[in-house]
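Heads up, the thing below is written out as structure tokens.
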Protein chains: 2
Amino acid sequence: MEHEPGQPPVRNLPPAKEAAGAAPRRKQQVSMADVAKLAGVSSQTVSRVSNGSPDVIESTRRQVIAAMNELGYRPNSAARALKRGSFRTIGVITFSLSSLGNMRTLEAIALHAARQDFAITLIPVTAPTQAGIQGAFSRMGELAVDAVIAIMEVHLLDAATVTLPPGVKVVVVDSDAGEQYSVVDTDQADGARKAVRHLLDLGHETVWHVAGPEESFASERRAAAWRTTLTDAGKAVPPVLRGDWSADSGYEAGLRLADEPGCTAVFAANDHMALGLLRAFREKGKAVPEDVSLVGFDDVPEASSYAPPLTTVHQNFADVGNQCVDNVLQQIRTNTTEPGITLVPTQLVVRNSTAPPKH
Amino acid sequence: MEHEPGQPPVRNLPPAKEAAGAAPRRKQQVSMADVAKLAGVSSQTVSRVSNGSPDVIESTRRQVIAAMNELGYRPNSAARALKRGSFRTIGVITFSLSSLGNMRTLEAIALHAARQDFAITLIPVTAPTQAGIQGAFSRMGELAVDAVIAIMEVHLLDAATVTLPPGVKVVVVDSDAGEQYSVVDTDQADGARKAVRHLLDLGHETVWHVAGPEESFASERRAAAWRTTLTDAGKAVPPVLRGDWSADSGYEAGLRLADEPGCTAVFAANDHMALGLLRAFREKGKAVPEDVSLVGFDDVPEASSYAPPLTTVHQNFADVGNQCVDNVLQQIRTNTTEPGITLVPTQLVVRNSTAPPKH
DNA sequence: TTTGTGTATGTTTGCGCAAACATGATTGGT
DNA sequence: ACCAATCATGTTTGCGCAAACATACACAAA
């Protein structure tokens, strides 16, 4: 078993770390030990400084910090996580990011979490099926996140079938899982009520509704509130039209509504469908708001540039995101799970698409 | 070294782990050792099975897998990362998610990365300043990501001032850092050229341009291509109007353009500004496309519902995202850094907002 | 037989950090 | 003066995993 001297495979020994120009084995991560050596203290003291322990005298702390800066030390989060059993990471499960609301919410979550020094790991659900969701939650498990925020918009979170590691806190956005989990959501019902009341207060006999898809919680809640607001006011409840949130589906619905003689007021479940309705009314020669009044939902930034500028219900997505993070961090801190629903209020923004009916 | 037969190596006593009803210290993570004990093998064999090593005989593998399932074993990614120096994680730095393009790109990145078994960590830039970006990159360092995808849209990535851990691969979206980093971007110039050519081919004398903000790379590239396409065609180059991407700013620009007598064709740098232009033209009594033709950029889903449906340049954000991930994974695999630019083509979508000029 | 060549598995080790404990240096109270 | 109670800091240990190395056994070629 000889091996030629002078040849590289000298493995048995890890020594000679600082041998001449030693090749950096891995990303030459600067470790606590390096900082400790430079600062002339023990690595534990470096750890203490790094974690802001009060038990370090000021002069020592300064030395250590100087050494850290000189070497460009960054604590290794893997080791930290291994030791502490926590990554300070929140997993966010999303279905689809292509809706404005989800994105805004996600952005707020990321920003707010960063402020509290938590990182965000994005877990997209690859397919909107139970299996897809299972997969997402299972990946969460491997990633050892401290908490999960699920941005669900469809009826797929059957809690019974999802198993997460114990101790992981969950907050769900836009769901009806309030019995099991913390839920944060826009106050859809109140928003819809405001929209319908606004139209009724203008003097309309009743209000038609173009709803979103049935699988959507938000859509169902808006539709339900529309219905009860009408019945509470003693008004007739016209049949519901259904779209899929897209402007095109709103256009389809608009073509039909334009032929309804008694239709003077419409509440669309989102702004994009309202845009489609506007187009349909325009093509059919129905003036908005003179012939038909229209209210949307969301208050997308372009809503004020629609023709005419759209009266709509403003959602505070940023608040929703912030609430999610606060809620989840609260659960982590207190190590409790607190089911319940947090509702974020909406505002009615009145622009030019609504007016009293002609007589 | 002798060790007593019959007794497990009871050295310093981490005492009585399975003592009566021992409180689960942490989240009772099932570890390899637990699986190994149940399966009657060494933990190294469990590791091999877990990593799909071929050196495990089929019967053993099955036993181990059975044990894993029984205990619900999930490899601990912290330990794995600590050992391997890699989390299989890509950090994504974003400025703002509120633009449609960014969020589509992000979604594609997340999905594509998940397919290759990489996780995504979102790092929001808290403030659009050098310091903010520094902070984001520095956080990347702590998180020990394997690669970074930066979705930048403004001139702030001054590579000289950003230090990341060596070995971390970077891809930048929408930037001109092609000398230093890999850059993936929509082919802005070609898209803009197509838009302008389309209008010129319809017979317009020249094409006006409503650009985005100067800080935006995309905006600058579209404007430059607009200019060269005009000069190459021997046409006059009208003054540039500038917006901030918002529909409102497009409206402002539109009010001014409506008063330009020679203006029969406009290229707006994005669809939202085009929407604002449409509104301004409508209010000023200019018919689109009869009096003025208009082309946008982006092809937002609602563009077909604008009044009139908008001719625009379609961007393939999903392709951009996929390219980013492919590129970065390629760099990781080959451990190379390859500066250069990858351009994703666009398509001109002709709808009803463009027509030949009246004479 | 011996020797080699695999192949499947076990054992040791250390990644970087921080809890737990140990030590040594100051205080202050009596 | 003494001891005890603080403090600041050092030492040891192990988190869960996988690379490196060691071993044990099977089988083929000499």
Side-chain angles (χ1 to χ4, degrees), chain A residues 1 3 9-15 17 25-37 39-64 68 71 73-88 142 144, chain B residues 1 3 8-9 11-15 17 24-37 39-64 68 71 73-88 142 144 165:
Chain A
M1 287 261 156
H3 55 78
V10 194
R11 29 196 179 178
N12 222 346
L13 39 156
K17 225 178 190 171
R25 221 173 344 196
R26 41 181 65 219
K27 314 178 195 170
Q28 71 283 37
Q29 212 5 32
V30 182
S31 80
M32 286 199 324
D34 303 316
V35 176
K37 191 156 52 169
V41 299
S42 77
S43 64
Q44 180 58 34
T45 299
V46 177
S47 168
R48 281 192 265 258
V49 171
S50 175
N51 292 301
S53 155
D55 296 342
V56 182
I57 211 166
E58 191 51 33
S59 62
T60 310
R61 182 191 307 280
R62 269 204 298 272
Q63 270 178 30
V64 171
M68 282 177 173
L71 297 176
Y73 170 76
R74 295 256 138 234
N76 174 317
S77 65
R80 215 165 202 164
L82 178 59
K83 197 80 189 55
R84 304 208 276 219
S86 154
F87 270 114
R88 284 187 83 77
E142 293 175 34
Chain B
M1 291 290 151
H3 55 77
R11 7 182 203 185
N12 230 340
L13 289 207
K17 226 179 191 170
R25 221 172 342 199
R26 41 182 64 218
K27 311 180 197 173
Q28 70 285 37
Q29 246 308 71
V30 182
S31 81
M32 286 201 322
D34 303 316
V35 176
K37 191 156 52 164
V41 298
S42 75
S43 64
Q44 181 56 34
T45 299
V46 176
S47 168
R48 282 192 264 258
V49 170
S50 175
N51 292 302
S53 155
D55 296 342
V56 182
I57 211 167
E58 191 51 34
S59 62
T60 310
R61 181 189 309 278
R62 268 205 299 274
Q63 271 178 30
V64 171
M68 283 178 170
L71 297 176
Y73 170 75
R74 296 250 143 238
N76 175 319
S77 64
R80 207 164 219 176
L82 177 58
K83 199 80 194 40
R84 302 208 277 222
S86 154
F87 269 115
R88 283 187 82 76
E142 294 176 34

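Residue numbers start from 1 in every chain, and the chains themselves are labelled A, B, ... in the order their sequence lines are given, proteins ahead of strands. All figures in this text were calculated on a predicted structure; none of them were measured in a lab.
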**Message:** From the set dG10(C), dC15(D), dG10(D), return the single nucleotide nearest to any side-chain atom of Q44(B).
**Reply:** dG10(C)
**Prompt:** Are any of T45(B)'s side-chain N or O atoms less than 4.0 Å away from OP1 or OP2 of dA8(C)?
**Reply:** no
**Item:** L82(B) CG - dA18(C) C1' separation (whole Å)
**Value:** 13 Å
**Asked** Any side-chain heavy atom of V49(B) within less than 4.5 Å of one from Q63(B)?
**Response** no
**Message:** Just to be sure I understand the geometry, which residues of residues 50-61 of chain B put a non-hydrogen atom under 4.0 Å away from DNA chain C?
**Reply:** D55(B), V56(B), I57(B), T60(B)
**Request:** Heavy atoms only: give me the nearest R61(B)-V56(B) pair and the separation to one decimal.
**Result:** NH2-O, 3.4 Å
**Complete:** Residues at least two apart in sequence or cross-chain that pass salt bridge (Lys or Arg N to Asp or Glu O under 4.0 Å) with R88(B), listed by chain then number, are none
Which atoms of nucleotides 21-26 of chain C (N or O only) lie under 3.5 Å from a protein N or O atom, and what are those distances?
none

**Request:** Could you check how far CG of N76(B) sits from P of dG16(D), rounded to whole Å?
**Result:** 7 Å
**Request:** To the nearest Å, give me how far apart NZ (K83(A)) and P (dC17(D)) are.
**Result:** 15 Å
**Asked** What's the CG-C1' distance between L71(B) and dG16(D), to the nearest Å?
**Response** 15 Å
**Prompt:** Side chains of K83(A) and S47(A): closer than 4.5 Å at any heavy-atom pair?
**Reply:** no
**Message:** From CE of M32(A) over to C1' of dT13(D), roughly how many Å is that when rounded to an integer?
**Reply:** 13 Å
**Asked** Atom CZ of R84(A) and atom C1' of dG14(D): how far apart are they, to the nearest Å?
**Response** 16 Å
**Asked** Base, sugar-phosphate, or nothing: which does S47(A) touch, judged by heavy atoms less than 4.0 Å apart?
**Response** base
**Asked** In terms of side-chain heavy atoms of V41(A), which of dA18(C), dG10(D), dC17(D) is nearest?
**Response** dG10(D)
**Request:** Specify the separation, in whole Å, of atom CZ of R80(B) and atom C1' of dA19(D).
**Result:** 14 Å
**Message:** Any heavy-atom pair between the side chains of I57(A) and S59(A) that's under 4.5 Å?
**Reply:** yes
**Prompt:** Out of curiosity, Q44(B) CD to S50(B) OG, how far, rounded to the nearest 0.5 Å?
**Reply:** 10.5 Å
**Message:** I'd like to know if the side chain of N76(B) and the backbone of A78(B) have a donor-acceptor N/O pair within less than 3.5 Å.
**Reply:** yes
**Message:** What's the separation between atom OG in S77(A) and atom CG in L82(B), rounded to the nearest 0.5 Å?
**Reply:** 10.0 Å
**Message:** Could you tell me how far apart K37(A) (NZ) and dG16(C) (P) are, to the nearest whole angstrom?
**Reply:** 13 Å
**Message:** A side-chain contact here means heavy atoms from C-beta on lying under 4.5 Å apart; do V64(A) and R48(A) qualify?
**Reply:** no
